[in-house]
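Below you'll find the structure, written out as structure tokens, and then a few comments.
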Amino acid sequence: GIVYRSLAYLCMINNIDVTYLKKIIELSKTDNLIELTKGVDLNQENIGNYTSQISTIPEVRASINKYLILMIETYPRILIEGRDIGTVIAKDADLKIFITADVNKRAERRYKQLHEEGKKCTLEDVLQLLRERDLRDSTRIADPLAIASDAFVIDTSHMNQDQVIANIKNYIELS
């Protein structure tokens, strides 16, 4: 997530439209995307929306995947999250957890989070962006969103954070 958001942010501040594939692909090959955006608030809906659009570009995915795989090789005990980590990036991970929730519940949580951060948005807009992102991510040609067959799946629709953590701990203890 953070690597794609970093790329999206860099594209946006350089006025690179989502249709300028060649420029986006070239920028995606940057070795230090995360370093270039240190201290930047990447948790914004416009960045998330741009991210979802550029993450469908196969050449961008290839560049970012290469970067993420290098991170895993460099730091073998790493905790990493993303929509294709368990199926593409870290297929052989010791532990894979797929966290999901009803899109309406996710929208409510995201809306609350954004408001707590002082960001202006409407619940309807957040819900629409999430639906669009889910559709793009699950239907993209390169590495579509999927649940790894060996992942522990948690539907958090009716759980709070403490319950999710307890559920994960229980799973690890039983494994």
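Along the sequence shown, residues are numbered consecutively beginning with 1. What you see is a predicted model, and the numbers here were worked out from it, not measured in a lab.
- Salt-bridge formation is detected for the pair R140/D137: a Lys NZ or Arg NE/NH1/NH2 atom is positioned less than 4.0 Å from an Asp or Glu carboxylate oxygen.
- The line from CG of L21 to CD1 of I57 is 5.0 Å long, rounded to the nearest 0.5 Å.
- Looking at heavy atoms from C-beta onward, C11 lies in side-chain contact with L27 at the 4.5 angstrom threshold.
- Within the 4.5 Å cutoff, the side chain of V18 has heavy atoms near those of the Y50 side chain.
- Shown here is I13, whose CD1 atom has more than 12 heavy atoms of other residues, nucleotides or ligands within 6.0 Å.
- The number of heavy-atom neighbours closer than 6.0 Å to OH of Y9, taken from other residues, nucleotides and ligands shown, is 12 or below.
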message = With salt bridge (Lys or Arg N to Asp or Glu O under 4.0 Å) as the criterion, how do K105 and D155 come out once you've worked through the C-alpha distance, each side chain's angles and the decisive distance to 0.1 Å?
response = CA-CA 11 Å; K105 190 64 171 179; D155 184 336; over 6 Å; no
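- Between L135 and T139, the closest heavy-atom pair is O-OG1, 2.6 Å.
- Within a 6.0 Å sphere centred on CD of Q161, heavy atoms belonging to other residues, nucleotides or ligands number 12 at most.
- When all heavy atoms of V103 and L127 are compared, the pair lying nearest together is O-CD1, 3.8 Å.
- The environment of OH in Y20 is sparse: at most 12 heavy-atom neighbours from other residues, nucleotides or ligands sit within 6.0 Å.
- The backbone N or O of N160 lies less than 3.5 Å from a partner atom in the side chain of Q163, making a donor-acceptor pair.
- Between I97 and I99, the closest side-chain pair of non-hydrogen atoms falls below 4.5 Å.
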Side chain to side chain contact (heavy atoms under 4.5 Å, CB included) evaluation trace for S6 with L36 = CA-CA 8 Å; S6 295; L36 293 172; over 6 Å; no
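- Within the 4.5 Å cutoff, side-chain heavy atoms of T87 are placed close to those of D84.
- Looking at heavy atoms from C-beta onward, I2 lies out of side-chain contact with E81 at the 4.5 angstrom threshold.
- The nearest pair of heavy atoms linking S63 to K29 is OG-CG, 3.5 Å.
- For the atom pair CE of M159 and CG of N167, the computed distance is 4.0 Å after rounding to the nearest 0.5 Å.
- In this structure, N14 contributes its side chain and L10 its backbone to a donor-acceptor pair below 3.5 Å.
- The closest side-chain heavy-atom distance from S55 to V60 is not below 4.5 Å.
- Distance check, rounded to the nearest 0.5 Å: OG1 of T51 to CG of L7 gives 7.5 Å.
- If you take CZ on R5 and CG on L33, they are separated by 14.5 Å, rounding to the nearest 0.5 Å.
- Distance CG/L68 to CD1/I80: 4.5 Å, rounded to 0.5 Å.
- Taken to the nearest 0.5 Å, the CG atom of L95 stands 7.0 Å off from the OG atom of S175.
- Defined by atom type and a distance below 3.5 Å, a donor-acceptor pair is missing between the side-chain atoms of R109 and N104.
- Between the side chain of R133 and the backbone N or O of R136 there is no donor-acceptor pair closer than 3.5 Å.
- Checking side-chain atoms of T56 against main-chain N and O of S52 turns up no donor-acceptor pair under 3.5 Å.
- Following chains of ILVMFWY side-chain contacts shorter than 4.5 Å, one cannot reach I89 starting from F152, and the two form parts of different hydrophobic clusters.
- Connection of Y67 to L70 is not established within any shared hydrophobic cluster, with ILVMFWY side chains joined at heavy-atom distances below 4.5 Å, either directly or through further cluster members.
- The minimum heavy-atom distance between K23 and I16, with the atom names listed, is CB-CG2, 3.9 Å.
- A pairwise comparison of heavy atoms in A8 and I47 identifies CB-O, 3.9 Å as the closest pair.
- Using a 3.5 Å distance cut-off with no hydrogens or angles, the side chains of Q128 and E132 do pair a donor with an acceptor.
- Side-chain atoms of I172 and L174, non-hydrogen and from C-beta on, never get closer than 4.5 Å to each other.
- Residues N43 and R110 have side chains in contact (heavy-atom distance under 4.5 Å, counting atoms from C-beta outward).
- A distance-only check finds no donor-acceptor pair linking the side chain of H115 to the backbone of T122 [under 3.5 Å].
- Heavy atoms of other residues, nucleotides or ligands lying less than 6.0 angstrom from CG of D31 number 12 at most.
- Heavy atoms from other residues, nucleotides or ligands lying under 6.0 Å from NZ of K119 number more than 12.
- When all heavy atoms of A101 and T156 are compared, the pair lying nearest together is CB-OG1, 3.4 Å.
- Within 6.0 Å of CG on D92 lie no more than 12 heavy atoms contributed by other residues, nucleotides or ligands.
- Within the 3.5 Å criterion, the main-chain N or O of R61 finds a donor-acceptor partner in the side chain of N65.
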